[in-house]
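First up is the structure itself, then whatever we jot down about it.
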Number of protein chains: 2
Amino acid sequence: MSDDTRSLVRSTALRLFRERGYAATTMRAIAQEAGVATGNAYYHFASKDHLVQELYLDVNREQTQAARTVLAQGGDLATRLRGVLLAGVDAFAEYHAFGGEFITVAIRPGSAASPFSPESSESRQLSQAIFRELVEGASPAVPSVLRDELPELLWLAQLGVTLFWVYDGSPGQRRTRTLIEGIAPLIGRLVRLSRLPVLRGAADDVLALVRAVRA
Amino acid sequence: MSDDTRSLVRSTALRLFRERGYAATTMRAIAQEAGVATGNAYYHFASKDHLVQELYLDVNREQTQAARTVLAQGGDLATRLRGVLLAGVDAFAEYHAFGGEFITVAIRPGSAASPFSPESSESRQLSQAIFRELVEGASPAVPSVLRDELPELLWLAQLGVTLFWVYDGSPGQRRTRTLIEGIAPLIGRLVRLSRLPVLRGAADDVLALVRAVRA
DNA sequence: GCGGCAAGTTGAACATGTTCAACTGAACAT
DNA sequence: ATGTTCAGTTGAACATGTTCAACTTGCCGC
């Protein structure tokens with residue numbers, strides 16, 4: 001049955017990715033372990049990248065679930081941001097050994113696994129919704145001028161943290177965790193300060209820049 | 001002669017990269033155009049990545065030269081940063097069509113072409129020296145607390161801008177230029193404000209974080 | 001049942017990065 | 001002259017992502 005084959009190929013690929021990484025998992029191996037012909041895998045998934053994209057989707061769902069738990073507890077912006085970012089690092093942890101391989105696939109513009117690709121739209125929606133919830137549910141409330149743009153900026157910040165994580169060779173990715181512990185309160189502080197007259201201009205500049213660049 | 005062969009392969013590869021991009025330039029094509037056997041290219045360059053690394057070195061030298069001209073004119077931090085970043089975008093411009101392919105090579109940890117790789121150390125030194133000069137020669141002078149860490153942060157910011165550039169599909173990469181025009185004065189402003197008591201704490205946090213994360 | 005169509009499946013074929021055992025020839029020692 | 005060595009060079013061989021023409025299967029209309 002087609003659906004069975006598809007999901008069999010999918011789960012086999014994900015298992016092998018976990019066990020051997022990206023490069024060492026050949027399409028032939030995936031097909032063989034799944035008991036189908038090589039070409040059959042390509043009938044269900046347009047490329048190896050598309051299988052990686054499936055893996056991202058899995059990780060993403062895991063992070064989303066953990067993040068919801070964190071957000072349910074309330075808290076201020078910094079606390080919530082810290083929790084969500086740590087949930088992300090935790091969800092990715094088991095792939096860290098091959099993080100570099102996977103990031104290579106994700107970063108290529110036009111790749112199905114790129115966080116900006118149409119194929120990743122489900123992942124992206126899921127993830128951006130979390131950051132919107134993060135901002136909107138924060139107390140004390142985020143200044144209203146920032147409320148529209150901040151979620152997307154934080155989502156981008158997470159991509160940055162993930163990039164850092166890929167290069168983080170420290171045991172248990174301690175440096176990435178240090179980065180998160182530092183950057184979450186820092187962002188919280190800057191958001192709070194953005195109300196002050198001295199910083200009001202800078203904050204407006206940031207927002208204007210974001211809008212100009214997006215257009 | 002060995003040196004001749006090496007430089008012939010090198011220049012042939014760079015020309016083909018410019019003309020056809022990364023993926024469409026096969027090692028066989030490089031060897032054939034250079035009039036040598038495929039294996040011979042591998043005798044002189046350990047991998048295709050190493051040839052890309054040569055290309056980066058070229059672009060880097062070009063940017064460095066343009067940046068020196070900019071820096072020779074003095075100016076404040078924002079002006080100098082703007083000039084250096086624009087010089088970088090200009091140097092890379094002719095490769096934009098294939099930027100995504102090349103970034104893929106550069107981003108892979110362990111790749112020779114990664115900006116953090118030992119092989120790229122010459123490029124990196126060159127580039128970081130520019131940012132040091134940028135900061136040190138700025139007038140009004142950069143607050144002394146920041147003077148040590150800022151150059152490396154700006155170098156990283158340039159990597160970020162380059163990453164943005166790769167994804168920038170606007171004609172002439174206008175959006176990247178908009179980003180630079182906006183972010184340079186913004187950074188200048190924040191650096192100036194970092195002296196104020198309100199922001200002093202945040203600035204210290206940033207520096208402490210940078211140091212903690214590096215260790 | 002039967003014809004036929006579309007979905008699903010197969011495995012060989014192709015292009016490409018990379019490796020490697022074999023060969024070449026120049027420089028040098030005897 | 002002859003032998004030796006070794007950097008430089010060769011091209012076939014290998015592994016892998018991807019494609020494709022052919023084959024099989026399940027199903028629908030009759």
Side-chain angles (χ1 to χ4, degrees), chain A residues 1-14 16-17 19-55 98 100-108 110-114 117 119, chain B residues 1-14 16-17 19-55 98 100-108 110-114 117 119:
Chain A
M1 233 166 314
S2 169
D3 276 0
D4 286 0
T5 305
R6 187 189 150 87
S7 101
L8 181 61
V9 169
R10 193 191 114 100
S11 62
T12 306
L14 265 53
L16 293 184
F17 282 150
E19 291 173 6
R20 314 179 184 175
Y22 175 78
T25 300
T26 70
M27 290 298 282
R28 281 170 182 76
I30 294 170
Q32 193 176 342
E33 288 262 324
V36 302
T38 315
N40 200 356
Y42 279 92
Y43 180 80
H44 293 287
F45 297 94
S47 76
K48 200 178 172 183
D49 282 12
H50 283 76
L51 281 165
V52 172
Q53 152 61 16
E54 294 290 326
L55 182 147
F98 314 113
E101 295 187 317
F102 289 120
I103 202 80
T104 298
V105 178
I107 205 117
R108 187 183 316 129
S111 159
S114 159
S117 77
E119 289 92 338
Chain B
M1 231 168 314
S2 169
D3 276 0
D4 285 0
T5 304
R6 188 187 148 89
S7 100
L8 181 61
V9 169
R10 192 191 116 102
S11 61
T12 305
L14 265 53
L16 293 184
F17 282 150
E19 291 173 4
R20 313 178 184 175
Y22 176 76
T25 299
T26 70
M27 290 299 281
R28 282 169 182 77
I30 294 170
Q32 193 177 341
E33 288 261 325
V36 302
T38 314
N40 199 357
Y42 279 92
Y43 179 80
H44 293 287
F45 298 95
S47 76
K48 200 177 172 183
D49 283 12
H50 282 76
L51 281 166
V52 173
Q53 152 61 16
E54 295 289 326
L55 184 146
F98 314 112
E101 293 185 318
F102 289 121
I103 203 81
T104 298
V105 178
I107 205 117
R108 187 181 315 129
S111 159
S114 159
S117 77
E119 288 92 338

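Chain A is the first sequence line, chain B the second, and so forth, proteins listed ahead of strands; every chain is numbered from 1.
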>> Here's a test of your reading of the structure: between A:Gly39 and A:Ala23, which maps to the more 5' nucleotide of DNA chain D?
In response: A:Ala23
> To the nearest angstrom, how far is A:Asp4 atom CG from C:dG8 atom P?
Replying inline: 12 Å
>> From the set C:dT10, D:dT9, C:dG17, return the single nucleotide nearest to any side-chain atom of B:His44.
In response: D:dT9
> The side chain of B:Tyr43 lies closest to which of these nucleotides: C:dA7, D:dT9, C:dT16?
Replying inline: D:dT9
> So which one's nearest nucleotide on DNA chain D is more toward 5', A:Ala24 or A:Ala46?
Replying inline: A:Ala24
> Rounding to a whole Å, what distance do you find between A:Glu101:CD and D:dG17:C1'?
Replying inline: 15 Å
> Considering only C:dA7, D:dG17, C:dT18, which nucleotide approaches the side chain of B:Tyr42 most closely?
Replying inline: C:dT18
> If each of A:Ala41 and A:Arg28 is mapped to the nucleotide of DNA chain C with the nearest heavy atom, which maps nearer the 5' terminus, i.e. the 5' end?
Replying inline: A:Ala41
> Side chains of B:Glu119 and B:Asp49: does their closest heavy-atom pair fall under 4.5 Å?
Replying inline: no
> Out of C:dT18, C:dT10, D:dT9, which nucleotide sits closest to the side chain of B:Met27?
Replying inline: C:dT18
>> Rounded to the nearest 0.5 Å, what separates atom CZ in A:Arg6 from atom OH in A:Tyr43?
In response: 11.0 Å
>> Distance check needed: D:dT9 P versus B:Gln32 CD, whole Å only.
In response: 17 Å
> Does A:Asn40 make a side-chain N or O approach to OP1 or OP2 of C:dT10 shorter than 4.0 Å?
Replying inline: yes
> Roughly, in whole Å, what's the span from CG in A:Leu16 to P in D:dT16?
Replying inline: 13 Å
>> If the threshold is 4.0 Å, N to carboxylate O, is there a salt bridge linking A:Arg20 and A:Glu101?
In response: no
>> Using a 4.0 Å heavy-atom cut-off, does A:Ser47 contact any base of the nucleic acid, only the sugar-phosphate backbone, or nothing at all?
In response: sugar-phosphate
>> Within the structure provided, determine whether B:His44 and B:Val36 are in side-chain contact (heavy-atom separation under 4.5 Å).
In response: no
> Taking a pair as Watson-Crick or G-U wobble with both distances under 3.5 Å, which nucleotide is matched to C:dC14?
Replying inline: D:dG17
> How long is the line joining CD1 of A:Ile30 and P of D:dT18, in whole Å?
Replying inline: 10 Å
>> Between P on D:dG17 and NE2 on A:His50, what's the gap in Å once rounded to a whole number?
In response: 16 Å
> Is there a side-chain contact between A:Arg10 and A:Phe45, using heavy atoms and a 4.5 Å cut-off?
Replying inline: yes
> Should B:Thr5 be listed as having a side-chain N or O under 4.0 Å from OP1 or OP2 of D:dT9?
Replying inline: yes
> What is the distance, rounded to the nearest whole Å, between atom NZ of B:Lys48 and atom P of C:dT18?
Replying inline: 8 Å
